[in-house]
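To find a chain, count down the sequence lines: A is the first, B the second, and so on, and within it residues start at 1. Side chains are part of it too, since the values below use all heavy atoms of this structure and drop only hydrogens, waters and symmetry mates.
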Amino acid sequence: MKKNILSIMALLALSVSALSAQTAAPVAPTVDAGDTAWMIVATAFVLLMSIPGLALFYGGLVRRKNVLNVFMQVFILVAVISVEWVIIGYSNAFGSNSIEALKPYIGGFDWAFLNNIGINDLSPYFISHSQVGLDGAAVGTIPHIIFIMFQCMFAVITPALIIGAFAERINFKGFLIFSVLWSLFIYNPVAHWVWAGDGWLFKLGALDFAGGTVVHINAGVAAIVTAIMLGKRRDYKGHAIPAHNITYVVIGAGLLWVGWFGFNAGSGLAADGLAANALMVTHIAAAAAALTWALLDWIIDKRPTIVGISTGAVGGLVAITPAAGFVGIPGALAIGVLVSLVCFCMVAYVKPKLGYDDSLDAFGVHGVGGILGALLTGVLASPLIQSSYSGAIYGNFHQLWIQFLAVGVTIVFSGVGTFILFKLVDKLVGLRASDKHEAIGLDETQHGETAYNNFD
Amino acid sequence: MKKNILSIMALLALSVSALSAQTAAPVAPTVDAGDTAWMIVATAFVLLMSIPGLALFYGGLVRRKNVLNVFMQVFILVAVISVEWVIIGYSNAFGSNSIEALKPYIGGFDWAFLNNIGINDLSPYFISHSQVGLDGAAVGTIPHIIFIMFQCMFAVITPALIIGAFAERINFKGFLIFSVLWSLFIYNPVAHWVWAGDGWLFKLGALDFAGGTVVHINAGVAAIVTAIMLGKRRDYKGHAIPAHNITYVVIGAGLLWVGWFGFNAGSGLAADGLAANALMVTHIAAAAAALTWALLDWIIDKRPTIVGISTGAVGGLVAITPAAGFVGIPGALAIGVLVSLVCFCMVAYVKPKLGYDDSLDAFGVHGVGGILGALLTGVLASPLIQSSYSGAIYGNFHQLWIQFLAVGVTIVFSGVGTFILFKLVDKLVGLRASDKHEAIGLDETQHGETAYNNFD
Amino acid sequence: MKKNILSIMALLALSVSALSAQTAAPVAPTVDAGDTAWMIVATAFVLLMSIPGLALFYGGLVRRKNVLNVFMQVFILVAVISVEWVIIGYSNAFGSNSIEALKPYIGGFDWAFLNNIGINDLSPYFISHSQVGLDGAAVGTIPHIIFIMFQCMFAVITPALIIGAFAERINFKGFLIFSVLWSLFIYNPVAHWVWAGDGWLFKLGALDFAGGTVVHINAGVAAIVTAIMLGKRRDYKGHAIPAHNITYVVIGAGLLWVGWFGFNAGSGLAADGLAANALMVTHIAAAAAALTWALLDWIIDKRPTIVGISTGAVGGLVAITPAAGFVGIPGALAIGVLVSLVCFCMVAYVKPKLGYDDSLDAFGVHGVGGILGALLTGVLASPLIQSSYSGAIYGNFHQLWIQFLAVGVTIVFSGVGTFILFKLVDKLVGLRASDKHEAIGLDETQHGETAYNNFD
Amino acid sequence: MKKIEAIIRKSKFEDVKEALYDQGIEWFSYWDITGLGKSTEEQIVRGQVFQSSYIHRRMLSIVVRDINLEKTINAILDSAWTGETGDGKIFVYDIEDTFRIRNRESGPDALFNKE
Amino acid sequence: MKKIEAIIRKSKFEDVKEALYDQGIEWFSYWDITGLGKSTEEQIVRGQVFQSSYIHRRMLSIVVRDINLEKTINAILDSAWTGETGDGKIFVYDIEDTFRIRNRESGPDALFNKE
Amino acid sequence: MKKIEAIIRKSKFEDVKEALYDQGIEWFSYWDITGLGKSTEEQIVRGQVFQSSYIHRRMLSIVVRDINLEKTINAILDSAWTGETGDGKIFVYDIEDTFRIRNRESGPDALFNKE
Ligand SMILES: Nc1ncnc2c1ncn2[C@@H]1O[C@H](COP(=O)(O)OP(=O)(O)O)[C@@H](O)[C@H]1O
Ligand SMILES: Nc1ncnc2c1ncn2[C@@H]1O[C@H](COP(=O)(O)OP(=O)(O)O)[C@@H](O)[C@H]1O
Ligand SMILES: Nc1ncnc2c1ncn2[C@@H]1O[C@H](COP(=O)(O)OP(=O)(O)O)[C@@H](O)[C@H]1O
């Protein structure tokens, strides 16, 4: 969705800044300080989503004896995936492959260790703002480096989302190896397919503004696969186990909401009307979904719950993610209401029937919400937002078909890939924590620490 | 304070960016990426003030058995008011009314569902930065949509502030209905009066940079009215009830402080010297007020308390809000010191005498601080900041008189309006939680949840 | 490193925005909205580091009975140092002295109360972006005021870092007087030496991008001096005392990490490639350091701990601080790995041997990490980042020598100065809390409050 | 002297407290406990009904002189009652001796304030 | 009737719980306590080994009819055992009387459900 | 064997702990409780003085052999004393039996370490 889309540029002429318009002459392309300012902050916001956002959201939902383990999982992923990203991940995901046949499927190693990327290079990726570089190729208005770091935060949070599926019963060493492999062999390729200039799903025209398929479906499917393969928690009886600290859940949901503005409105890679619109639909979809879940709780179970409304908000944020650059207010409201209806049914009715133990509903919220969002993007995409994209309700049924394809392919790839990696790591070091460790709690057994201490 | 102020533009010529100066020629007006970047972030910051900022500040102050109820109240307001805002609120508050006689008092429905507002439209509201649009009218440098969302966060936090008054004893359903009605019938009109281009207080010249009257006085007066009408908590004996988690109070105050930079420095709608100055006076007023409260605690009650210093900081932030675009360092220091002196007296001496139960001092801090700030704006406004505005100490007593008027009108309108809405909702569904529910705690009875769980 | 560096400008011509290039003609210099937007946010981020970031990180590490005391110390420093900064601190640190002989050592009083600084003045300090002012002198692209506030947050957090050394046993009044004096007589001069245009270490060419010497070594040395002079906690037996709330430690570390993007990437005073690079190396150094500490824990003590990984991350952030504008990915990885190795040894082996009680390892992490970072900057500074700076591995051994000098001077000055101030304040009001107060806890005895209350 | 240990619902605590005051009980101590047994409490998490067998209860410890035993027990029985499973239990123990730390009074005298 | 106070490792709680169920114990209460004594627990903070003499334990309070005393004690002794120092203690007290608040039953009858 | 239940001020805990060590008490357990009664503790919230009747206290549970009873009580009486209202109480109960889970020792032998 990002590279060399000169046709869009023309259509978006109005929104292209006067500055870049002037630089169409053979002057050196320049960094736009405003776009860069926003992207720096957006990057920080997406980090805030992981730590402390997601750590709090997930950590609050588990039992007291496992909260540090969840915090640690998120924290170490921030560390390890960031290092992986600059060493090889970015190159694999967004780079170009020297082997022609592989180009659509995976990037190469040219950018390993961010080799050949200078501090003054401009981003080769852009959406609405671009300018002509000295070599004649179009470039964006932000430094290449900030694009790399923005994407780094996406690479970090995606495996972190899976944590929700296997929380409270996984061996830490196994978890770590699995997550790194998963990033290398599942995340990086899928990101390449959907977002890289020569990715095959990108070329096909699959729409994923900020990561519906790459992030949420991808992680959500991995979640359900690991949840099933790892087996249930020893005392799981088909229903959620109450959160040890619901205030943490809400604080986490709040920080996720705020950080998601960086995630979605940052994905336009500029500070412009498209970013403003992305922020708006993100906010409104989250609000509508939160409200819908609260009402479902209220109607069905007599009282609106705060875990419910938080879950609804996150569901809304998930579902609007692929659509954030393509829909307006009506789309946002529709997506928000629908995602809560579907996820509520999933979590409250389907899951207990199927009996798998997705501890914190990583699949139920991220997987299901992501799938719904990706499909609805194909339905609701409005030419009023980006004139070259439209969905089924505007007669473009082809887009919906492409979305189905992208969703299907991601589900299969992530599902099968996760299965293989899981088997492998399970053989290698074992993934399931011992029954005794699970009973005592993972904080004590994996890290030798207790979250809350009362002496003195 | 925001629309079509061409005279100011001329005076601020120095601060108007070269870019917009160049576009005075008949070129299409453009989005300024820098201003937009800042406004996107400012919007996120104001959301951060509500969740998790205010939720933590208020939630920490209540008893353990009511903390989730407070979190839920803030959270659902974020959801419901945001939806209300795009459906009708923004149009009512900032739109123009087709009925001439109503123009000064309330906006119309042209912008309902944000109809007719395109992704590339520029904000019709601006302060120091503007440019000439294609139709000859002046427009701002940021997308209209981001102005709408920035204002959305104000619309959300204002009713959320009232929560402090009736915490620990209100029925959730009643609270929700009351809050929505209050937003529709009190917040939206007052915002129109003070901030819309054709609002009557705006035309009169009332100064309210970031919401002293619209947000704080408005919410503060509603707070005391609801506190009195709802009656005291069953075990209230004329003094504050100790906070269940003071660390939450401090974390909340810290996030409010940080978020308030978005609130106040964002209200200039641009990233320029005025925003920098607003940030500075906001910070210094908060610091001075925090320090003053700590010293009062120390002198009068022997020891500086952390609840005290946090309250002082919030008081300072409230009081500087209307003045942030009009005063410099001396004004900030004066406002900071005075607000803590006044609010301390109010909360420590006057309130216990009067005997009403404003649980978390929503009136004592936001109401009183807002009134003081609005009046002091009329005294201290300095032409060094915005040259066309000055206060009583610069000889312009008229401004002080206008401020009195604006404050008085807001108090009366909010007071009477709140009274009527309260009566109505109380009749309809009942506002007071039952005595039994209050004793057991609202978390359990309204939401069926317990914040902190210790099993395992 | 910041003033009048016209030579650098030329070299960085590519990164200078077209806008400012155009204004080389005798037009009035203008605020760049993009740079300003970023600096406003960076300022907010650095505040976020103090409250609630550092408050949580330190507060979580102490015992339950002292957590509020730590929160209060951080909070009151935000208040009191901010006021000190605008009254006199900024002028002393960044102003020019009318007495010629003092110019290199301390600023004067011209800018006391921010006198003579107008809302539209541009920052006299800049790094890569500058423009020619009306008077012919080069000025930056952001308002002077935002530079002042950005630096204000540095002045606030530096004494706050020292808190870690004397936590759990200091008298609050003594602490407050000591901290204010320390800011006036230690922080302001050192900031002047290293950062002011006429500072002697600056002129010498000492490199300190974001505060390795000024902030971390300075505070770290003060930390060990006060820790030793104050004596051990009554029940300290040569090893860390377990944290009362490890989740707070992680949340704090997360917020520090996010906020540090403002600290380091903001120190370039512009939103450009240099800022992007600073953000990247900050992130990668923190990630590498976190990972290294986790591995050390794992190898040496069998299990990776969450307190360990958080400490590692903070250590990495500290060490990259002076280098953030001078190194790339290889430098960041090297610094990250080395700092954890060194700090781990320091904290786990050296400290217990020496037997001083640096409660939360303010010296072990900030002092040692800062020294290492400052020296490694002299080794690793790469001309690929800022072409005029290079370190020993590029043959410029002179730079390393200057770094040694700057580090040595700072250590001696901070050490001796802290010693004198400590003696003074100890005489005046006493610094050590009474044994009884220490046993009962400082929350109760210094503030009359208890953090967590369970009634009802 | 007897020690009364009463395990009650948290929600009845305020009622019990007042009933005890009315009977002239000057002091008691309490702390929160978890009761684990056959009965369950319902909690709804994300739309799923969760039947928890861990139940929050409050433990009251009241030491009284023998003459006050009956009225104290009756006060608790009356005020803590809802009639539904889970109302709690009262246990009575014998106490051999009591000391008031402040003035080293011992025996029943340590249990009430003469001043 | 006897009251059994068992101080056990938190990590053995689930085992003890199940053992008690198996013996037909219908109800018990528990809360967390700290044990302070000669033995220590190791904790590693920033690479330093910290020997804490404060040890987290769980206190179980179980009131049983005399006939059930022995089997309950045996159940705990078996299920809470690891063999290492710090396994905990069991104390047995006499109880004079018991009341069930719900229906004012008293004596041993209050301890089990006939329904 | 006797069980000593001492309710003391939190602030005197460290003193009491040391006094007990000095008397050779090897082990005890404690937890935090709230005391509710006629006396109050002052707290200042936003300049208003709040008189709370809920008072934080610490409960110590120490089981000793009969021969150690007196010296233990005296140690607590001495070390927990401040002389002001609210110093706390000590209750003494009889214990029928004690078991050490680690080695199934029972009776007084379970209370001290012979090793
Ligand atoms: N035998 C027992 N020993 C210890 N605690 C008990 C015992 N029986 C009941 N409890 C406590 O009392 C609480 C209330 O149970 P109870 O009132 O006996 O139910 P019911 O009303 O059906 O008799 C339980 O949650 C448990 O904490
Ligand atoms: N005499 C006692 N009084 C009260 N509590 C005790 C006593 N002895 C032991 N405990 C509690 O039991 C816990 C376990 O100690 P214990 O099992 O006696 O060690 P060991 O296995 O070496 O005998 C202690 O932490 C303490 O809480
Ligand atoms: N009869 C009682 N039963 C249970 N706990 C008691 C009793 N009397 C006192 N306590 C506990 O002891 C604490 C201290 O009170 P106390 O020492 O009796 O005051 P005073 O010094 O005036 O006698 C109380 O807060 C309460 O927790």
Task: CZ-OG distance between F:R57 and D:S29, expressed to the nearest 0.5 angstrom - done: 9.0 Å
Open item on the list: What part of D:D97 gets within 4.5 angstrom of chain F, counting heavy atoms only: side chain, backbone, both, or neither?
Closed with: both
- [ ] Assign the ring pair D:Y93 / F:Y93 to parallel, tilted or perpendicular, where the plane angle (0 to 90°) is split at 30° and 60°.
- [x] perpendicular
- [ ] Would you give the length of the straight line joining atom CD1 of F:I90 to atom CZ of D:R104, rounded to the nearest 0.5 angstrom?
- [x] 8.5 Å
Task: Separation between CE of D:M59 and CD1 of F:I33, rounded to the nearest 0.5 Å - done: 11.5 Å
TODO: Just give me the residue among F:L36, F:I76, F:L77, F:D32 that pairs up with chain D most often, heavy atom to heavy atom, under 4.5 Å.
DONE: F:L36
Task: Partner of D:F99 by side-chain contact (heavy atoms from CB on, under 4.5 Å), out of F:N74, F:I4, F:V92 - done: F:V92
Task: Enclosure of F:W27 CH2 (heavy-atom neighbours >12, cutoff 6.0 Å) - done: yes
Open item on the list: What part of F:K3 gets within 4.5 angstrom of chain D, counting heavy atoms only: side chain, backbone, both, or neither?
Closed with: neither
Open item on the list: Heavy-atom pairs under 4.5 Å with chain D - which of F:I7, F:I73, F:T82 has more of them than the others?
Closed with: F:I73
TODO: Output the distance between atom CD1 (D:I101) and atom NZ (F:K12), rounded to the nearest 0.5 Å.
DONE: 10.5 Å
Task: Atom pair NZ (D:K17) and OH (F:Y54), whose distance is rounded to the nearest 0.5 Å - done: 3.0 Å
Open item on the list: What verdict does the salt bridge (Lys or Arg N to Asp or Glu O under 4.0 Å) test give for F:E84 and D:R102, after you've listed the backbone C-alpha separation in whole Å, the side-chain angles of each residue and the deciding distance to 0.1 Å?
Closed with: CA-CA 7 Å; F:E84 279 160 60; D:R102 178 162 49 92; over 6 Å; no
Open item on the list: Heavy-atom pairs under 4.5 Å with chain D - which of F:A80, F:G35, F:G88, F:G86 has more of them than the others?
Closed with: F:G88
